[in-house]
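Here is the structure we will look at.
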Amino acid sequence: MTGNQGPAHKRSMTRRKVVVAGGAAVAVASVGGGVAVTAFAGEPGKGSTASATAAETCYKLTSETTEGPYYIDADKIRKDITEDKEGIPLTLALKVIDSETCKPIKNAAVDIWHCDALGIYSGYESLSTGGGGAPTDAPSGTPTDAPTDLPSGTPTGEPPSGAPSGGTGGGGHEEPTDDERYLRGTWKTDRSGHVTFKTIFPGWYRGRCVHIHVKVHVDGEWTDAGYEGGHTCHTGQFFFSEESVLASATVAPYSTSTTERTTLTEDTIYDQSGTTGGLLKLKYDKRNIARGVRGSITMGVDPDATNDGEGAPPQPSASATPSASAS
């Protein structure tokens, strides 16, 4: 991204630019607008439009959420965001379509970011104690055990990311406290609107259920230097079924966490609307989740909308019928 006009998260999305190392052109993204679900086997639904293909159906927009305090703007352009973090392998298969026409949106920039298996966000390690003790790569001075007067995993700075201003998990952006950037990345959608990330199953921290943050940016221009212009049309979060989270909690390092967990039904951000609210469709071996998980969802966005997650989330459109909740 070019320019030195203030913090990255405050710069206008209409002038964003990503400089890509090695000359590879890739995208900057932010998920917004809304989400439509289908195109995945086992996701029946109603409400087909004339422009939809026989295999695809449009649904109402996915719920918008706040950006949260731990977003770092287009810092890593890559599809594999794992680095050396331990955890259950997760393949995240996303699709971005225009919610009105059902047509795929190509060359959109998609950002994802989430905490590690013990609830710690890269770039903000000093703001969390984590669960089950500090990670081995924690910055010097980080206590090896969680404070005895706080629940393990309680962020010591800004409340948990993603919660609305004034609520549990408050709102404003925090400036990064370190140079770590694991479990963060941006990539562009292909001609079919698809983008796939390699990461790990997220852990949890006090006050939030297990989730992944996402942004989608559109209308920018790809050059040899990166992605320029455009705007953020969707800011949201992806969620995981209780069954999958309970299964993950039996696998190290998740099993070492002593943090009290917030369930999917208790979470203040997830709106309980299934795929419309960002609930992922998951596939994994029920006998051995440690082998890996595949999560998928189609995001039906309004490419003309601007949803940067900095204000109160708008009510999702009710223009179509949502699909059944994914598990």
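FYI, the numbering just counts along the sequence from 1.
- Residues satisfying the side chain to side chain contact (heavy atoms under 4.5 Å, CB included) test with S255, not counting sequence neighbours, are A252.
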**Report entry** Check against side chain to side chain contact (heavy atoms under 4.5 Å, CB included), E310 and T66
**Finding:** CA-CA 6 Å; E310 294 182 0; T66 57; over 6 Å; no
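- Judged by distance alone, with hydrogens and angles left aside, the side-chain atoms of S122 form a donor-acceptor pair with the main-chain N or O of Y182 at under 3.5 Å.
- The main-chain N or O of G203 is never found under 3.5 Å from a side-chain atom of S248 such that the two would form a donor-acceptor pair.
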Query raised in the report: Does the pair K85 and D116 meet the rule for a salt bridge (Lys or Arg N to Asp or Glu O under 4.0 Å), with working shown?
Result: CA-CA 7 Å; K85 303 307 292 184; D116 70 6; 3.6 Å; yes
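- Residues C115 and I120 have side chains not in contact (no heavy-atom distance under 4.5 Å, counting atoms from C-beta outward).
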**Report entry** Candidate pair L90 and I212, rule side chain to side chain contact (heavy atoms under 4.5 Å, CB included), full reasoning
**Finding:** CA-CA 12 Å; L90 172 65; I212 293 176; 3.9 Å; yes
Query raised in the report: What's the verdict on side chain to side chain contact (heavy atoms under 4.5 Å, CB included) for E100 and D302, showing C-alpha distance, side-chain angles and the deciding distance?
Result: CA-CA 7 Å; E100 290 296 319; D302 177 357; 5.9 Å; no
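- Residues Y254 and P202 share a closest heavy-atom pair of CE2-O, 3.7 Å.
- To the nearest 0.5 Å, atom CZ of residue F197 and atom CG of residue L94 are 6.5 Å apart.
- With contacts defined as side-chain heavy-atom distances shorter than 4.5 Å, the pair E67/H173 qualifies.
- Contact annotation: the side chain of K281 never approaches that of R294 to less than 4.5 Å [non-hydrogen atoms, C-beta and beyond].
- When the side chain to side chain contact (heavy atoms under 4.5 Å, CB included) test is applied to T250, no partner is found at least two apart in sequence or on another chain.
- For the atom pair NZ (K283) and OG (S296), the distance works out to 6.5 Å, reported to the nearest 0.5 Å.
- Counting heavy atoms from C-beta outward, T306 and H231 have side chains that approach closer than 4.5 Å.
- Between Q272 and T265, some side-chain heavy-atom pair lies under the 4.5 Å cut-off.
- Atom NZ in K103 sits 11.5 Å away from atom CD1 in I105 (nearest 0.5 Å).
- The two residues N307 and A305 come nearest to each other via the heavy atoms ND2-CB, 3.7 Å.
- Two residues are said to be in side-chain contact when any heavy atoms from C-beta on lie closer than 4.5 Å; I269 and R208 meet this criterion.
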Requested in this report: Show your reasoning for whether salt bridge (Lys or Arg N to Asp or Glu O under 4.0 Å) applies to E83 and R78.
Outcome: CA-CA 11 Å; E83 292 193 17; R78 58 190 180 178; 3.0 Å; yes
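- Taking all atoms of both residues into account, the shortest heavy-atom contact from C209 to F239 is SG-CD2, 3.6 Å.
- Annotation for Y124 and D178: closest pair N-OD2, 3.3 Å, computed over non-hydrogen atoms.
- Taken from CD in Q237 to CG in D271, the straight-line distance is 10.5 Å, to the nearest 0.5 Å.
- Residues L92 and L280 meet the side-chain proximity criterion, which asks for heavy atoms closer than 4.5 Å.
- Residues W113 and Y71 bring their aromatic ring centres within 6.0 Å.
- Side-chain atoms of T189 and H194 include no donor-acceptor pair closer than 3.5 Å.
- Side-chain N or O atoms of Y121 include none that pairs as donor or acceptor with a backbone N or O of L183 at under 3.5 Å.
- In plain terms, the two heavy atoms of S63 and S273 that are nearest each other are OG-OG, 4.1 Å.
- Residues passing the side chain to side chain donor-acceptor pair (under 3.5 Å) test with D304: none are found, sequence neighbours excluded.
- Note that CZ of R261 and CZ of R206 are 15.5 Å apart. Values are rounded to the nearest 0.5 Å.
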Query raised in the report: Under the side chain to side chain contact (heavy atoms under 4.5 Å, CB included) criterion, do D267 and H211 qualify, and how do the steps go?
Result: CA-CA 10 Å; D267 192 72; H211 64 282; 5.7 Å; no
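- With contacts defined as side-chain heavy-atom distances shorter than 4.5 Å, the pair H114/F201 does not qualify.
- Of all heavy-atom pairs spanning D285 and R291, the tightest one is OD2-NH1, 3.2 Å.
- Annotation: the span from T91 atom OG1 to I200 atom CD1 amounts to 12.5 Å, rounded to 0.5 Å.
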